[in-house]
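The next block holds one structure in the form of structure tokens; read it before the comments.
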Amino acid sequence: MTEPAAPDQALPETPAAASPADRPATDAAALPVLLLVDGSSYLYRAYHAMPDLRSPDGFPTGAIHGFIAMMKRLREQVIGAGPGGHAACVFDASGPTFRDAWYPEYKAQRAPMPDDLRTQIAPIHEVVRLLGWPVLEVPGIEADDAIGTLARVGAAAGHRVIVSTGDKDLAQLVNERVTLINTMTNETLDIPGVQAKFGVPPERIVDYLSLIGDTVDNVPGVEKVGPKTAVKWLAEHGSLAGVMAAAGSIKGVAGENLRKALDWLPQGQRLVTVVTDCDLAGHVPGWPAIESLALAPVDKPAMLDFLQRYGFGRLKNELAAELGAPAPAAAAGAVAVPVEGTAAPATPPGDAGLARHYETVLTREQLAAWIARLKAAEISALDTETDSLDPMRARIVGISFAVQPGEAAYVPLAHDGPDAPEQLPLDEVLAELRPWLEDAAAAKVGQNIKYDTHVLANHGITVRGWRHDTLLESYVFEAHLAHSLEKLAERHLGRRGLSYEDLCGKGAAQIPFSQVDVVRATTYSGEDSEMTLQVHQQLYPQLAAEPGMKRVYEEIELPVSAILARIERHGVLVDAGVLARQSQQLAQRMMDLEREAYDIAGQPFNMGSPKQIGEILFTKLGLPVKKKTATGAPSTDEEVLQELAADYPLPARILEHRSLAKLKGTYTDKLPQMVNPATGRVHTNYAQAVAVTGRLSSNDPNLQNIPIRTADGRRVREAFIAPPGHVIVSADYSQIELRIMAHMSGDPGLTRAFAEGMDVHRATAAEVFNLAPDAVTSEQRRYAKTINFGLIYGMGAFGLAQSLGIEQKAAKDYIDRYFARFAGVKRYMDDIRASAADKGYVETLFGRRITLLDIRGGNGPRRAGAERQAINAPMQGTAADLIKLAMIAVQRALDEQGKRTVMVMQVHDELVFEVPEDEIDWARSEVPRLMAGVAALSVPLLAEVGVGPNWEQAH
DNA sequence: CTGCTAGCATA
DNA sequence: GTATGCTAGCAGA
């Protein structure tokens with residue numbers, strides 16, 4: 001893109017993304033990075049985001065502070081800790097640019113920069129240079145244009161270009177090799193991201209901006225035309241040129257305004273187009289080569305001087321310590337800040353009168369003393385405080401320890417609030433702690449250890465010696481209750497600590513933990529460690545007294561936690577190009593459906609709004625209301641629309657539109673946005689203590705509900721790929737819950753069906769319809785399949801009738817016949833209801849306990865619900881136990897045999913692996929063998945395996 | 001900006 | 001009829 005986009009450029013059929021064959025997703029990820037920072041776009045943000053900080057002599061320093069933090073973080077996150085990397089930080093120069101010559105009113109409305117910010121600009125340039133960044137400021141050329149030029153040249157020179165900016169206009173630069181990130185919001189925009197955010201691909205952004213205009217820069221667009229109309233017009237007419245050509249036929253006020261703007265639009269387009277062929281000679285050494293834009297090491301001596309001049313005490317001392325010179329203030333006077341814990345409202349048993357003492361560690365002597373205590377302790381609790389909830393991105397702000405009740409230490413490491421004291425340097429503290437953290441013999445306990453494992457791994461530390469996790473202890477002990485440390489402390493210690501909200505607030509007003517006062521942070525984090533230790537001491541003996549629970553905790557949940565951390569960290573490759581093309585196609589089909597629907601309805605309406613659909617369907621068109629929602633509104637759910645579709649044309653359009661919108665909004669647009677820019681992969685989080693039955697759940701993103709049932713949906717799985725030289729291998733348990741039902745009930749008919757390797761649904765149909773298996777029709781088999789699933793869910797005649805669309809009486813008849821033929825199953829269901837009512841809980845085969853509070857309590861519907869859970873939970877839960885055992889067995893085999901195969905996903909009854917080509921045979925034979933061998937039930941376990949270039953084809 | 005509802009994706 | 005998580009729309013702040 002050397003020229004501003006030509007107005008007559010036609011909309012390509014697909015985005016610029018190449019096919020995966022000639023450009024796999026891994027390609028771009030492997031290229032060296034060129035990181036371009038739009039310094040100007042962050043000036044205001046840094047200024048406003050920070051409190052009004054001042055140096056001792058009153059010079060404003062808030063924005064400087066913000067820049068230092070941001071540039072450090074960017075370098076760490078994008079380039080990594082090591083040397084090397086290409087980058088530049090680009091600022092607007094003062095004075096007029098070529099745009100002012102084109103259009104004198106350009107940026108004319110802009111308020112002058114506040115003096116407090118203006119005075120910080122020179123120091124910001126200086127400090128960015130000292131941090132090792134090439135700084136670019138070219139008179140007559142705006143930062144946007146310089147960045148556009150560097151991005152084009154860099155991409156052509158084989159770089160993966162990452163542009164860090166707060167300015168959305170730069171979305172026009174995005175292509176296969178150029179990605180935008182917004183450091184403030186952690187948002188990344190690649191091709192699908194731009195499409196998702198703006199509704200147009202990157203190459204249409206210029207047209208889009210031309211139409212809507214830019215009030216900030218005082219560039220008018222078409223009056224009354226906003227994002228929605230712009231997207232609609234561009235979708236209909238391809239490009240700005242197309243829109244202009246069709247201006248005569250566009251109706252309404254917007255059409256009139258468009259015609260008025262026809263003369264202006266070419267100039268507007270020129271103004272919003274980023275110029276990518278600026279001459280940077282004299283500003284970039286060696287131009288047009290960009291090798292000179294290399295990150296240099298921090299100029300520490302000069303930096304020290306800078307920090308001294310502007311009164312950045314804490315940062316200065318950190319740096320001084322790093323340089324080996326003793327940090328004067330820390331060595332001279334810092335003493336421990338003892339903090340008494342907040343008084344507990346209720347004194348826990350055995351805790352009477354215990355004074356709590358939490359220590360803030362600010363000196364090397366204190367740190368050394370605590371490390372000695374950790375090394376001597378039988379078991380230590382630890383907890384990290386971080387700057388993010390995203391485990392893969394979180395950086396440590398502080399770390400706390402406890403080795404005995406009543407005492408804790410908090411080591412603040414990155415507190416940067418207004419009154420933050422000088423703290424020990426993070427790298428030095430972690431280096432000191434590393435031997436203990438990585439010592440497998442040093443026993444550790446935590447609350448949700450998977451999170452702390454990630455956080456420390458983010459700093460290059462592999463924690464070993466995790467012996468216990470209070471989250472998992474509680475989950476196994478009483479899965480139906482809440483497991484936050486706050487709740488555990490209340491339940492097991494009768495104690496209430498400071499809550500995170502007390503410290504940081506919530507919602508938009510929430511402050512990062514690094515801004516929390518160190519004294520309060522000490523109380524909070526110290527409590528977290530100390531309460532974790534105490535909860536463990538209370539809870540573990542109770543848990544261990546039950547052999548079944550002890551086994552589930554120690555032999556299933558703890559090992560699985562470590563495996564999940566590895567799965568999450570490795571991530572899975574997602575081909576953003578594949579998804580971008582699908583998004584594009586879905587958008588096209590959705591627009592066609594919208595057109596048809598508006599035509600039928602006689603007016604436009606929002607097809608994504610159940611409320612508006614209801615108004616059109618039931619009020620305007622007078623279709624019959626089939627059922628109501630919980631709030632009394634007429635329902636428009638799938639079942640209703642399906643029924644109405646038989647008699648009317650509109651519901652079918654709505655149904656299809658809705659399913660396409662779901663696919664696009666939830667998967668094809670979203671997944672690419674979830675790719676971690678540092679790894680090029682998607683890293684889900686598996687929640688191990690959420691589902692009461694023992695299942696895992698997956699979030700951010702949820703990889704356990706990727707579509708499979710419909711052809712359109714299934715294609716999303718084509719985007720889940722393996723790196724070059726690898727394939728995807730998927731292995732899933734066949735009919736695992738029905739096999740468990742056969743085992744638990746001991747029913748001879750069902751057991752025989754599995755023992756003989758029969759098609760179980762066919763076998764069920766043969767019994768229920770009293771036929772030979774060969775004589776079963778496909779519809780009869782479908783009925784039997786529904787019955788089998790229904791049984792697993794504890795269904796009654798009503799539910800079966802509903803899902804088969806038959807009379808309740810007929811459904812009852814089927815169920816009666818089933819139970820007559822499979823009397824063992826009937827007996828099992830009755831027994832489990834009775835046993836649940838008797839004990840108040842049910843158990844899985846391995847002793848996992850699921851408590852059912854409503855099984856005896858009060859009203860009918862709730863008890864009926866609890867009875868269904870009583871039937872379902874042992875089967876679903878045993879299946880969860882089995883696949884967890886399979887994960888452990890397979891991971892152990894992989895480790896012991898030194899395989900390079902990696903487990904990348906778990907989907908309840910399925911394990912997915914990334915397998916190097918030379919290990920395909922191993923995976924194909926060993927994985928299903930190991931999965932089938934985790935337990936000896938009275939029926940065989942069977943795992944089926946598939947291999948393919950992507951997840952779809954591995955099925 | 002936050003919380004709720006409706007609807008829907010998976011096993 | 002079991003178990004989950006996520007999105008868009010929308011109402012009330």
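Here is the naming used below: chain letters follow the sequence lines, and residue numbers restart at 1 for every chain. Scope of the values below: all heavy atoms of this structure, side chains included, with no hydrogens, waters or symmetry mates.
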Between C1' of B/dA11 and CE of A/Met875, the distance in whole Å: 14 Å

Give the rounded distance in Å between these two atoms: CG of A/Leu791 and P of C/dT2. 14 Å

Quick check against the 3.5 Å criterion: does A/Thr684 have a side-chain atom that pairs as donor or acceptor with the backbone of A/Pro701? yes

Quickly work out the A/Leu663 CG to B/dG7 P distance and round it to whole Å. 18 Å

Is A/Glu910 touching bases, backbone alone, or none of the nucleic acid, heavy atoms closer than 4.0 Å? nothing

Atom-pair distance (CG on A/Leu660; P on B/dC8), nearest Å: 13 Å

If you measure from CD on A/Glu952 to CD1 on A/Ile728, what distance do you get to the nearest 0.5 Å? 12.5 Å

So A/Glu638, base contact, sugar-phosphate only, or nothing? Heavy-atom distance under 4.0 Å. sugar-phosphate

Just grab all the salt bridge (Lys or Arg N to Asp or Glu O under 4.0 Å) pairs involving residues 785-811 of chain A, residues at least two apart or on different chains. none

Using a 3.5 Å distance criterion without hydrogens, assess whether the side chain of A/Arg817 forms a donor-acceptor pair with backbone atoms of A/Val768. yes

Nearest-Å distance for atom pair OH/P, residues A/Tyr793 and B/dA11: 9 Å

Of all the nucleotides listed (B/dA6, B/dG7, B/dA9), which has the minimum atom distance to the side chain of A/Ala630? B/dA6

Nucleotide nearest A/Thr629 (side chain, heavy atoms from C-beta), chosen from C/dT2, C/dC10, B/dA6: B/dA6

Salt-bridge contact A/Arg581-A/Glu718 (side-chain N to carboxylate O under 4.0 Å): no

Before accepting this row, confirm whether a basic side-chain N of the pair A/Lys626/A/Glu639 lies closer than 4.0 Å to the acidic partner's carboxylate O. no

Looking only at the side chain of A/Pro610 (C-beta and beyond, no hydrogens), which of the listed nucleotides C/dG1, B/dG7, B/dT10 gets closest? B/dG7

Quick one: CZ on A/Arg827 to CZ on A/Phe822, what's the gap to the nearest 0.5 Å? 14.0 Å

Strictly distance-based, threshold 3.5 Å: is any side-chain N or O of A/Lys450 a donor or acceptor partner for the main-chain N or O of A/Glu568? no

Would you indicate what A/Ile871 reaches in the nucleic acid, counting non-hydrogen atoms under 4.0 angstrom: base, sugar-phosphate, or nothing? nothing

Between the protein and nucleotides 11-13 of chain C, list the N/O to N/O atom pairs that are separated by less than 3.5 angstrom.
unit_1	atom_1	unit_2	atom_2	d
C/dA11	OP1	A/Lys611	NZ	2.7

Separation of A/Met590 CE from A/Leu663 CG (nearest 0.5 Å): 9.5 Å

Please determine whether side-chain contact (heavy atoms from CB on, under 4.5 Å) holds for the pair A/Met905 and A/Phe720, giving the CA-CA distance in whole Å, both sets of side-chain angles, and the decisive distance to 0.1 Å. CA-CA 11 Å; A/Met905 285 188 276; A/Phe720 286 76; 3.9 Å; yes

Proximity to DNA chain B (any heavy atom under 4.0 Å), residues of residues 798-822 of chain A only: none

Do any of residues 709-720 of chain A sit with a heavy atom less than 4.0 Å from DNA chain C, and if so which? none

Atom-pair distance (NZ on A/Lys506; P on B/dT2), nearest Å: 9 Å

Using a 4.0 Å heavy-atom cut-off across all strands, classify A/Ala879 as base, sugar-phosphate, or nothing. nothing

For residues 695-706 of chain A, which residue pairs qualify under salt bridge (Lys or Arg N to Asp or Glu O under 4.0 Å), counting only residues two or more places apart or in two chains? A/Arg695-A/Glu737

Could you give the CD1-to-C1' distance, from A/Ile736 to B/dT10, as a whole number of Å? 16 Å

Touch check for A/Gly794, heavy atoms < 4.0 angstrom, all strands: base, sugar-phosphate only, or nothing? nothing

Phosphate OP1/OP2 of B/dA6: any A/Thr636 side-chain N/O under 4.0 Å: no

From A/Asp747 CG over to A/Phe819 CZ, what is the distance, rounded to the nearest 0.5 angstrom? 10.5 Å

Is any side-chain N or O of A/Ser659 closer than 4.0 Å to OP1 or OP2 of B/dC8? no

Separation of A/Tyr828 OH from A/Ser835 OG (nearest 0.5 Å): 9.0 Å

Rounding to an integer number of Å, can you tell me how far A/Asn788 CG sits from B/dA11 C1'? 16 Å

Parallel, tilted or perpendicular: which fits the ring planes of A/His761 and A/Phe789, with parallel below 30° and perpendicular above 60°? tilted

Ion pair A/Asp830/A/Arg833, N-O distance below 4.0 Å: yes

Dump every N/O contact between nucleotides 3-7 of chain C and the protein below 3.5 Å, one line per pair.
unit_1	atom_1	unit_2	atom_2	d
C/dA3	OP1	A/Gln869	NE2	2.5
C/dA3	O4'	A/Gln876	OE1	3.2
C/dA3	O4'	A/Gln876	NE2	3.1
C/dT4	OP1	A/Val692	N	3.3
C/dT4	O3'	A/Ser697	OG	3.4
C/dG5	OP1	A/Ser697	OG	2.6
C/dG5	O4'	A/Asn702	ND2	3.0
C/dC6	OP1	A/Asp700	N	2.7

